Amino acid sequence: MRGPVVDPVLRWGRTLGFALTLPVVLVTLWWVWSADSTNYYAPPLQTILTTFGDVWFSERLRADVLPSVTRLAIGYTGAVVLGVGLGVLLGANRTLRRVTEPVLEFFRAIPPPALIPILFLFAGIGDTAKVIVIVSGAVWPVLLNTVEGVRAVDDVLSDTSRSYGVTGLARLRHLVLPAASPQIVAGMRQALSISIILMVISEMFASTNGLGFSVIQFQRSFAIPEMWSGILLLGLLGFVLSLLFQLFERRSLRWYHGLRRSQRGEN
């Protein structure tokens with residue numbers, strides 16, 4: 001028996017409400033708990049929010065926030081393109097996968113922050129090195145999930161497409177990528193959080209701007225409310241990007257979620 005039809009807007013509003021409930025509760029508890037705080041390193045939330053507006057709704061929005069978001073966007077996009085491209089090649093070619101697997105496992109085992117000094121030696125301390133740091137860490141979830149998604153393409157569908165002469169780019173577009181897309185998107189979600197972390201870490205080394213640079217500078221100069229405001233901004237950035245990614249996932253995998261709901265007898 002099919003369940004009641006749920007309006008997509010209502011479903012999205014419900015999802016947004018669930019996503020905001022816990023943050024609102026936590027912020028309220030933080031506000032009450034810190035209201036009378038005299039600890040220099042844990043100022044009241046009211047002070048942090050006042051400082052937040054003074055610090056980030058100013059010249060720092062252009063000088064620090066925009067460069068960080070730009071590096072994040074370029075690095076994340078590069079990781080997705082590289083991960084999907086290599087993942088399709090390795091997932092479709094067993095021999096190539098076996099040959100490259102030891103080398104890939106070696107580089108995957110190296111923590112990306114450990115590569116920062118080496119990358120800065122060869123690429124300098126500019127944006128290029130920071131983008132490479134993001135790509136070097138964020139590419140792995142996309143790559144590995146793409147490989148597994150391509151390998152898991154249904155044999156019956158693969159044989160059917162071959163028998164109808166669907167090969168080459170047409171097979172990649174109409175069979176392989178759609179079949180592997182749920183796992184690819186799962187890898188992209190993991191890569192997004194890794195990209196934010198690596199963006200911050202890369203900006204803490206030999207940098208002159210960015211959110212990571214600002215937070216570490218505030219900490220070194222004992223500007224504690226300003227430091228907390230930077231951390232709060234990073235949390236808000238991650239939260240907004242997560243909501244945007246959920247919207248992208250719902251639209252790009254609409255067919256997949258619809259199939260899952262039909263299998264559960266829902267609309």
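We number each residue from 1, following the sequence as shown. Source: prediction; values computed, not measured.
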Y41, OH: over 12 other non-hydrogen atoms inside 6.0 angstrom: no
Could you tell me if the side chain of W140 sits less than 4.5 Å from the side chain of Q190, heavy atoms only? no
Just by distance, with hydrogens left out, do T146 and Q183 show a side-chain donor and acceptor under 3.5 Å apart? no
In this structure, which one of P67, S214, S68 forms a side chain to side chain contact (heavy atoms under 4.5 Å, CB included) with E203? S68
Is it true that atom CG of D36 has more than 12 heavy atoms of other residues, nucleotides or ligands lying nearer than 6.0 Å? no
Kindly compute the distance separating CD1 (I216) from CZ (R220), expressed to the nearest 0.5 Å. 5.0 Å
For M204, does its backbone N or O pair with a side-chain atom of S207 as donor and acceptor, under 3.5 Å? no
Say whether, by atom type as modelled, one donor and one acceptor occur between the side chain of N145 and the main chain of P141 under 3.5 angstrom. yes
Rounded to the nearest 0.5 Å, what separation is found between the CD1 atom of I132 and the CZ atom of R71? 13.0 Å
Is any side-chain heavy atom of R60 closer than 4.5 Å to one of V65? no
Verdict with supporting geometry, E101 and R98, salt bridge (charged side-chain N to carboxylate O under 4.0 Å, His left out): CA-CA 5 Å; E101 186 173 9; R98 289 179 176 177; over 6 Å; no
Under 3.5 Å donor-acceptor, R97 side chain and L90 backbone: yes
On a heavy-atom basis, the closest approach of N93 and T95 is OD1-N, 3.1 Å
Atom CG of residue position L169 - does it have more than 12 heavy atoms of other residues, nucleotides or ligands inside 6.0 Å? no
Determine, for E249 against R189, whether the closest basic-nitrogen to carboxylate-oxygen distance falls under 4.0 angstrom. yes
To the nearest 0.5 Å, what is the distance between CG (L143) and CG (L89)? 10.0 Å
Would one find more than 12 heavy atoms of other residues, nucleotides or ligands at under 6.0 Å from atom CH2 of W33? no
In the structure I gave you, are the side-chain heavy atoms of V142 and V84 within less than 4.5 Å of one another anywhere? yes
What's the spacing between Y76 OH and L198 CG if we round to 0.5 Å? 13.5 Å
Enter the distance from L192:CG to I197:CD1 here, rounded to the nearest 0.5 Å. 10.0 Å
Contact check, side chains of V88 and L177, non-hydrogen atoms, under 4.5 Å: yes
Would the distance check show the side chain of T77 and the main-chain N or O of I74 forming a donor-acceptor pair, the cut-off being under 3.5 Å? no
Just wondering, do W31 and L49 contact through their side chains at under 4.5 Å, heavy atoms? yes
Between L253 and V185, is any pair of side-chain heavy atoms under 4.5 Å apart? yes
Using a cut-off of 6.0 Å, state whether more than 12 heavy atoms not belonging to W228 lie near its atom CH2. no
May I ask you to decide if G238's main-chain N or O and S242's side chain share a donor-acceptor pair within less than 3.5 Å? no
How many angstroms lie between atom OG1 of T100 and atom CG of L86, to the nearest 0.5 angstrom? 8.5 Å
Are side-chain heavy atoms of R151 and V147 found at a separation under 4.5 Å? yes
Would you say T51's side chain and E226's backbone share a donor-acceptor pair under 3.5 angstrom? no
